[in-house]
**Q** 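Below you'll find the structure I mean.
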Amino acid sequence: MSSYAQVYGDWQKDPEAFWGQAAKAVDWIDAPNKIFDSTQGPYGRWFPDATCNTCYNVLDRHVQNGRGDQDAIIYDSPVTNTKRKLTYAQVLDDVSALAAVLQDFGVQKGDRVIVYMPMIPEALIGMYACARIGAVHSVVFGGFAAKELATRIDDAKPKLVLTTSCGIEPGRVVAYKPLLDEAIRLSSSKPEKVILFAREQAKADMIEGRDYDWSSLVEAAKKAGKRAECVTVKATDPLYILYTSGTTGIPKGVVRDNGGHMVALTWTMKNLYGINPGEVFWSASDVGWVVGHSYIVYGPLLHGATTIVYEGKPIGTPDAGAFWRVIEEYKAVALFTAPTAFRAIRKEDPDATFLQKYSTKTLRTLFLAGERADPDTVAWAEKVLGVPVVDHWWQTETGWGIVGNPVGLGLLPIKHGSPTVPMPGYDVQIVDEAAKPLPNGQMGSIVIKLPLPPGCLPTLWQNDCRMKESYLEEFPGFYKTADAGFKDEDGYLFIMGRTDDIINVAGHRLSTGGMEEVLASHPAVAECAVIGIKDELKGEQPCGFVVLKSGVTQSPLEVEKEIVALVRNKIGPVAAFKIAITVNRLPKTRSGKILRGTMKKIADGDEWSTPATIDDPAILDEIAAALGSKGI
Ligand code: COA
Ligand code: AMP
C-alpha cells in the first residue's frame, strides 16, 4: 500500500507544517523559525529567517558523520577511457582548496561564477566550491555556441569563469577555450579571471594575467594548507542561476535558492526516488541541464548517496550496452534519463541482446523525464529491464518533480503515458483561458496554485518583472507551466505538449523563436518560421521555413546550407537544426499571423483542416509540396 494519499493529504492540510518537518533533514546554521513569508518576492519566500550552507550539507556533514571514505563521485568516461572514484573526504579536500583559490581571486558571497564545463568531476567540484563561499554558479551547457555563452555572461555578469580545455563528443573534441574567448569578446560584461582545467585531449591558449591553470592553483593551495570554510548564507540567497530557453532569444535566468532547494531535493531522494544513503544513484544527464544540477550534483550527495558522472552516450560509446555496463559496474540502484536515450538504445538493439552480457540486478527503478515518455518506449524498457519505469514531469523552473510516482512512499499503479500524480507541494490544475478549472478528461493549460513549493524558482535573475510576466500574470494566483494536458478520473496527469514556442529535441529544451531570430538575421531571408516536427528518435526536431528577399541571387539550396550553419554557429550543435526549406510564401491568417500549428500538422502527417481565418489556402498545399520535396 502506498502512503502517497496520506502524505499528500498532510501537505494539503498544513503546507507549512509539512515543509517545516521536511526541513529537519537539513543541517542549518540558524534553523527556520518562519517557514514561509508570502510578502517577499513575486509570490513569497521559503525559510526566510534561516541561514545555512549547501556545500556543508553536501560534503562536510557526511565526512563528520563517518561517510568520509564512501565514494561520493564515480567518474566513468568511455570517451576518454577513464574511470575514477572520489570519496567524500577527497571531494571535500578538493572543494575546500578550490574555494580558497576563488577567494584569493576576490570571489565573495553573491558574486557570480560561470561554470563552462563538461561531464567531469571538476565541474561538480567547481559548483560545490562556489556554494561553499556563497558565490552563485551558473553552468552553461557545452553544446551551446559562443553567442549563447555570451548572452549568459552578459546577464549574470560573472566575476570569474571556471572552464576546461575541451569537452568530448564521440569522434570530436570540442575545444572550449576558443568558444569562451569568443564569448568574452562578444560580451559587454567581461569576467576578470578564468580558471581552466587542462585536459590532455586539447591544449588551450592562455591569456596572461587573465587565465590560470586550475590544477597548479589547487595544488599550490593544498601545499600552502589553504582551505576555505563554509560561508553562512541566507536560505533565500541564490545558490545558482540556470539559464533556460524562453520564448525569445534571451534565455531566462532561473534562480535557485539555498534553503528551499536543499529541503526539496532531500525530500525527493527518499520519498520520490526511494534511495537510501550509501546507495549509488545514476542520473545520465549533463551538468548543464536542470536534471544534472538536481540529480547528478546536489540531490544524491545531500542524501549521502553516491553519484555517477558519466561522460558518454547511451549508444556508440562503444555500443548499446553502455548503460547496462555502468549499472553493473557500480551497482546503481536507480537510473534517471530521458526517454530519447531509451529510444536510441532500442533502435540500435531492439532485442536488448547487450543486456545478456551484463547483470542489472541491483537496479530497482528506471526514472524518465525531460520530455514526454511515449508508452511504446516505456513498455519496452519495462520488458527488457524488468523493473518499474517511472515517468515524472518537471521543468528547469521547478527544479524537482511536479508530478511523479513516489517510489519511496510506495509505488502507485503505473499508467503508460502518464507521469502519475502531483507531488506534495503542488496543487496542479487544468484550466481554460479564463483560468476556469476544466473537467477530467478535457485538455487545457496546466497551472500550479501559488505558492510554489520550496526548491522552485523564487524569481528570474534580477528580473522580477519577467518572472511575473512569464509565469504569474496570465492565470492570476497560479504559476503557468506552459504545458498542456489533462487529468483522468483517478487524478493522473497526462502532459501532452507546450502551449508556447518551446520544442523538445532529444530531451533538450529549445526556443523556436530564438531560432527564428537567427534565420531572420541571414541577409537573404525576408521572413521565416521554425516549427518542431515529429522525430522518431529525438521526439521532435526543428524545421525552418524561409522566404527569400526578392532579388536574391543565391540559390535556395545555398541559402538553406548557410542557414543550417548559422544556427549551429549562433545557438550551437545542440539545436540539432538540420532542415531548412525555402518556400515562396508562408501561410498566414488575414491579420498576418503565421499558421505554425497547421504547418506542424502537415509536417507530422496529422489530420489538418484549413483554418477559417487563412489568407490564402493554396499556400498550405505549397508547404506540403515543399516538405515532400525534402522527403518529409
Ligand atoms: N558539447 C558539445 N556538443 C554537444 C554536446 C556537448 N555537451 N551534447 C550534444 N552535442 C552535440 C552533438 O554532438 C550533436 O552534434 P552533431 O550535430 O555534430 O552530431 C548535436 O549536439 C546534437 O546532439 P543530440 O541532440 O544529443 O544528438 P546525438 O545524435 O548526439 O545523440 C542521443 C542522440 C539520443 C543519444 C542523445 O541525445 C542523448 O543521449 N540524449 C539523452 C538526453 C539527455 O541527456 N537529456 C538531458 C535532459 S534529462
Ligand atoms: P526543461 O526545463 O528543460 O526540464 O524542460 C521542461 C519541459 O520538458 C516541460 O515543460 C515539458 O514540456 C517537458 N517535459 C519534461 N518532463 C516531461 C514528462 N515527463 N512528460 C512530458 N513532458 C515533459
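Fair warning: this is a prediction, and the values are worked out from it, not measured in the lab. These values consider heavy atoms only, across backbone and side chains, with no hydrogens, waters or symmetry-generated copies. Each ligand, and each atom within it, is numbered from 1 in the order the structure gives.
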**Q** Under 4.0 Å from atom 39 (O) of ligand 1, is there any protein heavy atom?
**A**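 Yes, at least one protein heavy atom sits under 4.0 Å from atom 39 (O) of ligand 1.
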**Q** Among protein heavy atoms, which lies nearest atom 10 (N) of ligand 1, and at what distance?
**A**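 Of every protein heavy atom, E169 OE1, 3.3 Å lies nearest to atom 10 (N) of ligand 1.
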**Q** Quick one: does G370 get an N or O within less than 3.5 Å of an N or O on ligand 2?
**A**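 By distance alone, the answer is yes.
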**Q** So between A338, P573, G171, whose heavy atom ends up nearest atom 21 (O) of ligand 1?
**A**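 Residue with the shortest heavy-atom distance to the ligand atom: P573.
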**Q** Can you say whether the rings of F367 and F281 are parallel (under 30°), tilted (30 to 60°) or perpendicular (over 60°)?
**A**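 Correct class here is tilted.
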**Q** So if I apply the ring pair (Phe, Tyr, Trp, His ring centres under 6.0 Å) rule between Y426 and each of Y8, W394, W400, which one comes out positive?
**A**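 Answer after filtering Y8, W394, W400: W400.
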**Q** Looking only at non-hydrogen atoms, which of Q395, R372, H508, R498 approaches atom 22 (N) of ligand 2 most closely?
**A**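 Nearest heavy atom to atom 22 (N) of ligand 2 lies in R372.
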**Q** Check W289 against ligand 2 and report side chain, backbone, both or neither, counting heavy atoms closer than 4.0 Å.
**A**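 None of W289 does.
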**Q** Any protein heavy-atom neighbour for atom 32 (C) of ligand 1 (distance below 4.0 angstrom)?
**A**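 Protein heavy atom within 4.0 Å of atom 32 (C) of ligand 1: absent.
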**Q** Kindly state if atom 47 (C) of ligand 1 has a protein heavy atom within a strict 4.0 Å cut-off, that is, under 4.0 Å?
**A**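 It does: a protein heavy atom is found less than 4.0 Å away from atom 47 (C) of ligand 1.
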**Q** Within 45° of the axis and under 6.0 Å from the centre of the six-membered ring of F144, does NZ or CZ of R152 qualify?
**A**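 The answer is yes, since R152 meets both limits relative to F144.
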**Q** Give every residue pair that meets the salt bridge (Lys or Arg N to Asp or Glu O under 4.0 Å) criterion with at least one member in residues 466-475, sequence neighbours excluded.
**A**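 Applying salt bridge (Lys or Arg N to Asp or Glu O under 4.0 Å) to every pair that reaches into residues 466-475, excluding sequence neighbours, yields E474-K480.
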**Q** Where does V291 meet ligand 2, judged by heavy-atom distances below 4.0 Å: at the side chain, the backbone, both, or neither?
**A**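 Neither; no heavy atom under 4.0 Å.
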**Q** Under 3.5 Å between some N or O of ligand 2 and some N or O of T481?
**A**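 No: no nitrogen or oxygen of T481 is under 3.5 Å from one in ligand 2.
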**Q** Does the distance from a Lys or Arg side-chain N to an Asp or Glu carboxylate O, for E329 and K83, drop under 4.0 Å?
**A**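 Yes, E329 and K83 are salt-bridged.
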**Q** At under 4.0 Å between heavy atoms, which part of T396 makes contact with ligand 2: side chain, backbone, both or neither?
**A**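 T396 to ligand 2: contacts from backbone and side chain alike.
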**Q** Please work out which of E371, E397, R509, K252 has its closest non-hydrogen atom nearest to atom 18 (C) of ligand 2.
**A**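 When every heavy atom of E371, E397, R509, K252 is considered, E371 comes closest to atom 18 (C) of ligand 2.
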**Q** Atom 15 (O) of ligand 1: which protein heavy atom is closest, and how many Å away?
**A**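 Checked against all protein heavy atoms, atom 15 (O) of ligand 1 sits closest to R172 NH2, 3.3 Å.
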